[in-house]
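Just below is one structure, and these are the notes that go with it.
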Amino acid sequence: MKARIIDGKVVASKVHDEVAVGVAEFKASHGTVPGLTVVLIGDDPASHSYVKGKERACEKVGIATATIRRDATITQEELVEIVEGLNKDPKVNGILVQLPLPKHLDEDAVIHAIDPMKDVDGLHPENAGLLMLGQPRFAPATPLGVQRMLVEQKVDMNGARVVIVGRSKLVGMPLTALLLQKGIGANSTVTVCHTGTKDIGAETRRADVLIAATGFPGPITPDMVKPGAVVIDVGVSRVEDPTRKRGYRLTGDVEFDGVAEVASAITPVPGGVGPMTISMLLVNVLQAAKLAAAN
Ligand SMILES: NC(=O)c1ccc[n+]([C@@H]2O[C@H](COP(=O)([O-])OP(=O)(O)OC[C@H]3O[C@@H](n4cnc5c(N)ncnc54)[C@H](OP(=O)(O)O)[C@@H]3O)[C@@H](O)[C@H]2O)c1
């Protein structure tokens with residue numbers, strides 16, 4: 001293998017330490033700690049596992065955390081009422097509604113109900129708009145994590161040709177906005193690919209930094225990667241694997257072994273972008289608490 005493996009856990013741990021210091025300072029000056037409340041609907045095992053990870057991370061850095069759990073039968077009105085209650089609670093600095101929601105619920109309407117000053121997922125239109133305008137308040141944690149990882153790896157993003165595969169509101173779109181801005185870890189030339197892109201390989205082969213976020217296992221093959229490129233794999237898919245106790249393993253969008261022979265650096269799945277997502281959520285919660293204290 002030629003590529004250097006980018007260990008997300010190492011970078012995430014550095015961010016956790018920074019947040020822990022920030023939380024301690026916040027407590028010393030305000031007498032309270034930042035608070036995150038997660039709203040978890042239904043019994044999707046992946047969502048439950050993500051929420052556990054978030055609770056544990058908050059506890060480690062001293063952020064107060066609570067999870068409101070409700071059955072998948074909850075109505076839209078009941079869910080919006082919960083969000084509105086959290087909007088009014090001064091102890092709650094960050095509100096995170098774990099996605100995806102059960103099909104009968106209107107995800108956009110729920111996100112729009114969150115107070116934008118508490119929208120630590122960065123999905124409210126006000127925060128998405130501010131990010132697009134180059135005045136970010138809260139950007140979604142995964143794109144922030146990808147950017148922070150690139151900065152920590154000292155990847156020169158200034159003028160770099162970046163290709164992002166995936167244009168979701170959670171990953172591809174906000175990451176595009178972040179990397180296009182002038183500033184550290186940005187000022188890149190960004191191309192975004194999606195299912196309508198005619199020849200994805202022709203685009204990805206020009207990338208100095210290739211970021212894959214499709215959610216399908218293995219669409220990025222070695223022939224699609226420029227020799228020496230940095231490859232960031234955001235995708236997480238469950239693939240059946242009878243050799244594993246759980247019966248499945250997690251895999252990314254990138255054909256890891258082959259691409260690692262071509263790239264100069266690559267993130268693994270798991271252990272790459274995933275840990276960064278949680279750590280940047282903590283950064284957003286601390287930021288929300290600081291903004292609330294300043295008002
Ligand atoms: N590690 C983490 O912390 C973390 C956090 C968030 C998400 N994720 C993972 O990242 C992946 C993407 O998440 P998401 O929420 O962005 O998913 P999403 O909303 O389903 O979006 C997927 C995007 O990929 C595009 N796409 C799908 N297949 C493609 C293909 N073969 N070629 C080109 N483009 C393709 C889609 O194009 P169209 O728009 O044309 O349909 C869409 O824009 C998932 O595996 C998710 O689990 C990981």
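Both ligands and their constituent atoms are indexed starting at 1 by order of listing.
For ligand 1, the atoms closer than 4.0 angstrom to any heavy atom of F216 are 27 (C), 28 (N). Atoms of ligand 1 found under 4.0 Å from any heavy atom of V165, numbered from 1 in the order shown, are 33 (C), 34 (N). Taking every non-hydrogen atom of T277 and a distance limit under 4.0 Å, the qualifying atoms of ligand 1 come out as 2 (C), 3 (O). Listed by atom number, the atoms of ligand 1 under 4.0 Å from L170 heavy atoms are 15 (O). Atom numbering of ligand 1 starts at 1 in the shown order; those under 4.0 Å from a heavy atom of H194 are 33 (C), 34 (N), 37 (O), 40 (O).
Looking from atom 8 (N) of ligand 1 to the surrounding protein, the closest heavy atom is V234 O, 3.7 Å. What sits closest to atom 47 (O) of ligand 1 on the protein, heavy atoms only, is V236 O, 3.5 Å. Considering only non-hydrogen protein atoms, atom 16 (O) of ligand 1 sits nearest to S168 OG, 2.4 Å. Protein heavy atom in closest approach to atom 22 (C) of ligand 1: T214 O, 3.5 Å. At the top of the distance list for atom 44 (C) of ligand 1, counting protein heavy atoms only, stands G215 CA, 3.4 Å. Ranking protein heavy atoms by distance to atom 7 (C) of ligand 1, first place goes to V171 CG2, 4.0 Å. Among protein heavy atoms, the minimum distance from atom 42 (C) of ligand 1 is reached at R167 N, 4.0 Å. For atom 25 (C) of ligand 1, the closest non-hydrogen atom of the protein is G166 CA, 3.9 Å.
Ionic pairing of K169 and D108 is present here: one or more N-O contacts between side-chain nitrogen and carboxylate oxygen are shorter than 4.0 angstrom. Between E18 and R148, at least one side-chain N (NZ, or NE/NH1/NH2) sits under 4.0 Å from a carboxylate O, which counts as a salt bridge. Ionic pairing of E78 and R70 is not present here: no N-O contact between side-chain nitrogen and carboxylate oxygen is shorter than 4.0 angstrom. Salt-bridge formation is not detected for the pair E84/K118: no Lys NZ or Arg NE/NH1/NH2 atom is positioned less than 4.0 Å from an Asp or Glu carboxylate oxygen.
The nearest non-hydrogen atom to atom 4 (C) of ligand 1, considering only T142, I278, T197, comes from T142. Taking each of I200, V192, T195 in turn, the one with a heavy atom nearest to atom 32 (N) of ligand 1 proves to be I200. Of the options G172, G145, A213, G218, the smallest heavy-atom separation from atom 23 (C) of ligand 1 is shown by A213. Of the candidates P275, G8, P219, it is P219 that places a heavy atom closest to atom 31 (N) of ligand 1.
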### Task
Using the salt bridge (Lys or Arg N to Asp or Glu O under 4.0 Å) rule, take E240 and R249 through it: C-alpha gap first, then chi angles, then the decisive distance, then the call.
CA-CA 6 Å; E240 267 186 48; R249 68 189 151 80; over 6 Å; no
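At distances below 3.5 Å, at least one donor-acceptor pair connects side-chain atoms of D208 with backbone N or O atoms of R161. Without hydrogens or angle criteria, Q181 side chain to A177 main chain gives a donor-acceptor distance under 3.5 Å. Here the side chain of D233 pairs a donor or acceptor atom with the backbone of V254 at under 3.5 angstrom.
The CG atom of D223 sits 8.5 Å away from atom CD of E255, with the distance rounded to the nearest 0.5 Å. For the atom pair L101 CG and E107 CD, the distance stands at 5.0 Å (nearest 0.5 Å).
Annotation for H48 and G42: closest pair NE2-O, 2.9 Å, computed over non-hydrogen atoms.
Inclusion of D253 in the set of residues having an N or O under 3.5 Å from an N or O of ligand 1 is not warranted.
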